Structure formats: structure tokens, C-alpha cells
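The next block holds one structure in the form of C-alpha cells; read it before the comments.
Numbering of ligands and ligand atoms starts at 1, following listing order. Here the structure is a predicted model, which is why all the values come from computation and not from measurement.
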Amino acid sequence: MIRAAIFDLDGVIVDTAHYHYIAWKRLASEFGITLTPVHNELLKGVSRVRSLEIILSLGNVEVSEAQKVQLAEKKNNWFVEYIESIRPEEIFPGVKELIQQLRKKKLKIGLASSSKNAPRVIELLGIGPEFDTLVDGTMITHTKPDPEIFLLAAHKLGIDPADCVVFEDAEAGVEAALAAGMKCVGVGSPEQLGKASKIVARTGDFKIEWLNDLK
Ligand code: B16
Ligand code: MG
């Protein structure tokens, strides 16, 4: 019996994934690395520093730990600049309605984002009150695909992981949800998210009737 729904943020509730992409692409170009949408899939859901390491390895670029910190900060400053224009209208269609339907079924609602910027994005979108708990990148030691973030969200909600469903757009996020012993709805393409319990093209496409049939 599903008793809680835990939502990823970037790519599930709003398209901040696009802003991460253009900020990383800008940084990569400074090293002569051309970042493509295919590479970008590897960056979704993983931490800022890990994303940087993946990008640098694409160009066989080696930098010191201190430079890594500087570069990650540079990318983050651009990202923070880009997201300041985010407005509530950018919440993906059907997301708020889905949350309302889940609430009517007495489910608890959580947010679990690897992003340290998640609180600001939530504030700009004005959707904080929709969630019973918020877990972001500042509260965890290991990012997705490690299950830590989802286990912490379930713990804060007081719900057994086996009774939770996660909505995720990243391969690393789907792996994390399954490793936490949860069901997972993949938002995106079956090629990327094949391991998910169910795949929808957009978050708002999920039908509440599917809730207790998730494998
Ligand atoms: P930040 P999610 C993740 O958020 C993004 O998918 C990922 O691309 C990003 O690197 C990560 O947050 C860290 O973000 O640099 O803002 O701390 O998809 O888990 O909501
Ligand atoms: Mg995501």
C-alpha cells in the first residue's frame, strides 16, 4: 500500500535541469569540451562536484581539488543567476493537481532534491506548503544513486520505505529510489529510465489509479 509520494525537483516539478545544462555547457566550453544532451543525462541527480568531475573527464582535463571547488562555484553562480527568473507558471502542467489527488488519498508528500539550491527554487515557485517534508543537497552525505536522500525523506515522513513511491527524471535517481526499496515512477524516456516501476513522459501524465499497481 503506497502511503507517501516523494518528488525529485529538477526535471520532475520544473525544468531547472535546463538551467543546470546551460551553466555546465558554458563551463565546459572554457575547456574546449562540447557538452551534449547525451552527456547531460549523466549529470542529472548527481552532486555538483561529481557533475564537474564527469565533465572534466570527457575532455581528459585534470585540475587540483582547489580548482574543482572554484569551478563548481563558478557554475553555481551562473545557475543561481539563471534561476532567479523562475516563476510559479513554470511548474510542469498537472503537477499541483497530482499532488492534490495524492493528498485526497491521504498520502504524505515529500521533496527530495540533490540540489543545494532546492529551497530557493521552491520559494520562487511558491510550492513549499504542498510538502510535508523537504530534503535537499545540504542534508545528505551521499547523492543519488545512493539511497540516502530518499531514506531520509521517508524517515522524516514517518513512512516505511516499502510504502513510498518516488517520481524521478534521472537514471541515478531511479537507481537510488529502487536501492531504497521504494517504487519509482520514471519521468522521461524508457531508454534512460528502463528500471523504473512505471514510466511517463511528463509528471502530470501519471494516473492516480496506477498507484497500487506499481511493480
Ligand atoms: P546544485 P535533483 C540535482 O537535482 C540535479 O539534477 C543535478 O543536475 C545537480 O547537479 C544536483 O541537483 C546538484 O545541484 O548544484 O544546485 O546543488 O534532480 O535531485 O532535484
Ligand atoms: Mg531530477
Proximal atoms of ligand 1 relative to [X] (non-hydrogen, under 4.0 Å):
| X | result |
| --- | --- |
| Lys44 | 6 (O), 8 (O) |
| Leu9 | 20 (O) |
| Ser113 | 2 (P), 4 (O), 19 (O), 20 (O) |
| Lys116 | 1 (P), 16 (O), 17 (O) |
| Asn117 | 1 (P), 16 (O) |

For [atom], closest protein heavy-atom neighbour:
| atom | answer |
| --- | --- |
| atom 3 (C) of ligand 1 | Asp10 OD2, 3.4 Å |
| atom 2 (P) of ligand 1 | Asp8 OD1, 2.9 Å |
| atom 15 (O) of ligand 1 | Arg48 NE, 2.6 Å |
| atom 8 (O) of ligand 1 | Leu43 O, 3.1 Å |
| atom 6 (O) of ligand 1 | Gly45 N, 2.8 Å |
| atom 12 (O) of ligand 1 | Ser115 N, 3.3 Å |
| atom 10 (O) of ligand 1 | Val46 O, 2.8 Å |

Check: For ligand 1, is Lys144 a contact, meaning one of its heavy atoms is under 4.0 Å away?
Finding: yes

Check: Under a heavy-atom criterion of less than 4.0 Å, does Ser51 contact ligand 1?
Finding: yes

Return yes if some donor-acceptor pair links the side-chain N/O of [X] with the main-chain N/O of [Y] below 3.5 Å, else return no.
| X | Y | answer |
| --- | --- | --- |
| Gln192 | Ser189 | no |
| Thr16 | Tyr19 | no |
| Ser114 | Gly45 | yes |

N-O pairing of [X] and [Y] below 4.0 Å:
| X | Y | result |
| --- | --- | --- |
| Glu53 | Arg50 | yes |
| Arg103 | Asp132 | yes |
| Arg120 | Glu84 | yes |

Margin query: Does any N or O of ligand 1 fall below 3.5 Å from an N or O anywhere on Ser114, backbone included?
Written below: yes

Notebook entry, point to check: For Trp210 and Val185, what are the C-alpha separation, side-chain angles and deciding distance, and is it a side chain to side chain contact (heavy atoms under 4.5 Å, CB included)?
Noted result: CA-CA 10 Å; Trp210 300 337; Val185 175; over 6 Å; no

Checklist line | Non-neighbouring partners of Ser85 that pass side chain to side chain donor-acceptor pair (under 3.5 Å), sequence neighbours left out | finding: none

Note to self: Test of understanding: clusters of I, L, V, M, F, W, Y form through side-chain heavy atoms closer than 4.5 Å, transitively. Do Leu35 and Leu71 belong to the same one?
What the structure shows: yes

Notebook entry, point to check: Do you know how many protein N, O or S atoms are within a distance smaller than 2.8 Å of the Mg ion (ligand 2)?
Noted result: 3

Notebook entry, point to check: Any side-chain heavy atom of Leu27 sitting closer than 4.5 Å to one from Glu30?
Noted result: yes

